[in-house]
2 protein chains.
Amino acid sequence: MRPNPVPDIVIGRLPLYLRALGQMKAEGNTVTSSHELAGRLGISSAQIRKDLSQFGEFGKQGTGYNIAFLREQIQRILGVDRTWDVALIGLGDLGRALAHYGGFLRRGFQICALYDTDPEKIGQSIRDMPIQSMETMAADIRRKNIKIAMLAVPLSAAQEVVDELVGAGVVAILNYAPTSITVPEGVHVQQIDPALHLQHMTYYIKPD
Amino acid sequence: MRPNPVPDIVIGRLPLYLRALGQMKAEGNTVTSSHELAGRLGISSAQIRKDLSQFGEFGKQGTGYNIAFLREQIQRILGVDRTWDVALIGLGDLGRALAHYGGFLRRGFQICALYDTDPEKIGQSIRDMPIQSMETMAADIRRKNIKIAMLAVPLSAAQEVVDELVGAGVVAILNYAPTSITVPEGVHVQQIDPALHLQHMTYYIKPD
DNA sequence: TAGATTGTTAATCGATTAACAATC
DNA sequence: TAGATTGTTAATCGATTAACAATC
């Protein structure tokens, strides 16, 4: 009998815990508690303990959690106790900002290939990485065994590029194009659309 | 007796519906159904009908929803049947990309003020907007009655800037700094942290 | 009319929380 | 020992879905 899968909503909180633990470590602390974490993150301590209990027993009654240890455990659970290669497609303003962002590496990700359709851009380099043609993208991604892609192309190109990425073996896509994309079973998509978040908030602040 | 508030999780889906309706409109369609929307968004048609029913009756049995009409209604519900002024703080690579992004306006938002601490940047202009000093930020935001801010400053500065924004009357913050921030009751925060989304997905793709 | 789709109800499903024994 | 905090259970709370009468 297979164990029940851990709810996706729990998986989604683990990176949040990891981020907070990283900050606590940077602050020089060595132990924390579900209450302290809860306070930082604005959720309940019971939820944190319940979430962690899905994966094992990481704390000590009376004293709480060792920060370094718990951090390592969550990194392992999420699979970021290693560095993942990531392809970045679309080198407009946003794509360039992502390519320059230095924060991915310490969280388990390394942008290692850049692709665009614009002949003006192809051949240019960012951080010593050449921008390559999308013609060669699929073969290149497959050859490098890249499993994760960040998509910063215009809306009109998004689905087409997604299909190509999936065909090339990519199984996780972070989509910055403001549209829902369709992928086969087993391929994971996360979406970032700032306007969506802004519109969520305006609901609550309408009466000027 | 006050009516039950609409669940936040429902509010969070409305911008998604709005985005899909905008695309359908752009494609030249005039009517749609809960089933078609559900197919596009990968959720159930029952959920869409239930969500919409929180706010009124927008469809017709047998025929579905008029796209233009439903779009207007959701815009009104979310408060994006107008254009909101938005302040952007932090003009690094990401801040610049956001300042140049042309997609906000058609979704109800206009970046109308830029702030940074770097003396090199202050005085420069992006899209005809001058980058202003953070010294003058609070007074300026209050004078202009800006209620929404996008925060693209380094982690180390985030909470400090948030406190100043809140003090200046900002009630909605889109936080790009990779940290949880603390705000008083009545102030809304949404967070964008791409590494969080990537780590969420690696859980499922671990066995290389 | 026949076919389609809404809006809504009740049932199901799943997530969160409160509480506490265990124990450091 | 006394105080603190975990891991876990059961209860509560909330969200999703299935089903269908109403009706276009």
Side-chain angles (χ1 to χ4, degrees), chain A residues 2-17 20-21 24 29-74 77 180 200 203-204, chain B residues 2-17 20-21 24 29-74 77 180 200 203-204:
Chain A
R2 267 196 313 161
N4 279 353
V6 178
D8 183 65
I9 198 161
V10 173
I11 305 302
R13 282 191 292 260
L14 295 184
L16 228 44
Y17 302 162
L21 289 164
M24 289 174 172
N29 299 323
T30 58
V31 295
T32 186
S33 66
S34 60
H35 293 89
E36 190 188 14
L37 270 167
R40 287 222 187 197
L41 297 172
I43 60 184
S44 79
S45 61
Q47 180 160 85
I48 290 174
R49 294 197 301 278
K50 188 114 211 286
D51 285 354
L52 295 178
S53 77
Q54 300 265 5
F55 302 98
E57 307 190 355
F58 305 114
K60 272 216 211 7
Q61 285 102 324
T63 59
Y65 302 93
N66 177 293
I67 290 172
F69 176 74
L70 182 56
R71 188 163 165 271
E72 279 164 25
Q73 294 304 306
I74 298 180
I77 292 163
S180 293
H200 186 155
Y203 175 80
Y204 296 103
Chain B
R2 269 196 313 162
N4 280 353
V6 178
D8 183 66
I9 198 161
V10 173
I11 305 303
R13 281 191 293 260
L14 294 184
L16 228 44
Y17 302 162
L21 290 164
M24 289 173 172
N29 301 323
T30 58
V31 296
T32 186
S33 67
S34 60
H35 293 89
E36 190 187 13
L37 270 167
R40 286 220 188 201
L41 298 171
I43 60 184
S44 79
S45 61
Q47 181 161 83
I48 291 174
R49 294 197 302 279
K50 186 115 211 286
D51 285 353
L52 295 176
S53 76
Q54 299 266 6
F55 303 97
E57 308 190 356
F58 305 114
K60 272 215 213 6
Q61 285 103 324
T63 59
Y65 302 93
N66 178 293
I67 290 171
F69 176 74
L70 182 57
R71 187 163 166 271
E72 280 165 23
Q73 294 305 305
I74 297 180
I77 292 165
S180 294
H200 186 154
Y203 175 81
Y204 296 102

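In the text below, chain A, chain B and the rest are named by the order of the sequence lines, each starting its count at 1. For clarity, every value in this text was computed on a predicted model and none was experimentally measured.
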Mind checking what makes side-chain contact (heavy atoms from CB on, under 4.5 Å) contact with A/Ser53, not counting sequence neighbours?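 Here no residue qualifies.
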Do [X] and [Y] come within less than 4.5 Å of each other through their side chains, counting heavy atoms only?
X       : Y        : answer
A/Asp8  : B/Tyr204 : yes
A/Ile74 : A/Leu52  : yes
B/Ile43 : B/Tyr17  : yes
A/Ile67 : A/Thr30  : no

Considering only heavy atoms of chain A and a distance under 4.0 Å, specify the first and last nucleotide of DNA chain D in 5' to 3' order that meet this criterion.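 Span of nucleotides near chain A: D/dA4 to D/dT9.
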Between CD1 on residue A/Ile11 and CZ on residue A/Phe55, distance to nearest 0.5 Å: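 Going from CD1 on A/Ile11 over to CZ on A/Phe55, the span is 4.0 Å.
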Rounded to the nearest 0.5 Å, how far does NE2 of B/His35 lie from CZ of B/Arg40?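 Separation between the atoms: 16.0 Å.
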What are the two closest non-hydrogen atoms of [X] and [Y], and how far apart are they?
X       : Y        : result
A/Ser44 : A/Ala38  : C-CB, 3.7 Å
B/Ile77 : B/Phe58  : CD1-CZ, 4.1 Å
B/Ile48 : B/Ser34  : CD1-O, 3.8 Å
B/Pro15 : A/His200 : CG-N, 3.9 Å

Proximity to DNA chain D (any heavy atom under 4.0 Å), residues of residues 59-72 of chain A only: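 Within this stretch, A/Gly59, A/Lys60, A/Gln61, A/Gly62, A/Thr63, A/Gly64, A/Tyr65 sit under 4.0 Å of the strand.
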Write out the stems for DNA chain D, ordered by first number and formatted as range with range, counting runs of at least 3 consecutive Watson-Crick or G-U wobble pairs under 3.5 Å.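 If one scans DNA chain D for consecutive Watson-Crick or G-U pairs, the stems found are C:3-24 with D:3-24.
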Any residue of residues 40-58 of chain A with a heavy atom less than 4.0 Å from an atom of DNA chain C: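 By residue number: A/Ser44, A/Ala46, A/Gln47, A/Arg49, A/Lys50.
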For residues 59-74 of chain B, pull every pair meeting side chain to side chain donor-acceptor pair (under 3.5 Å), keeping only residues two or more places apart or in separate chains.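 Those involving residues 59-74 of chain B are B/Gln73-B/Arg76.
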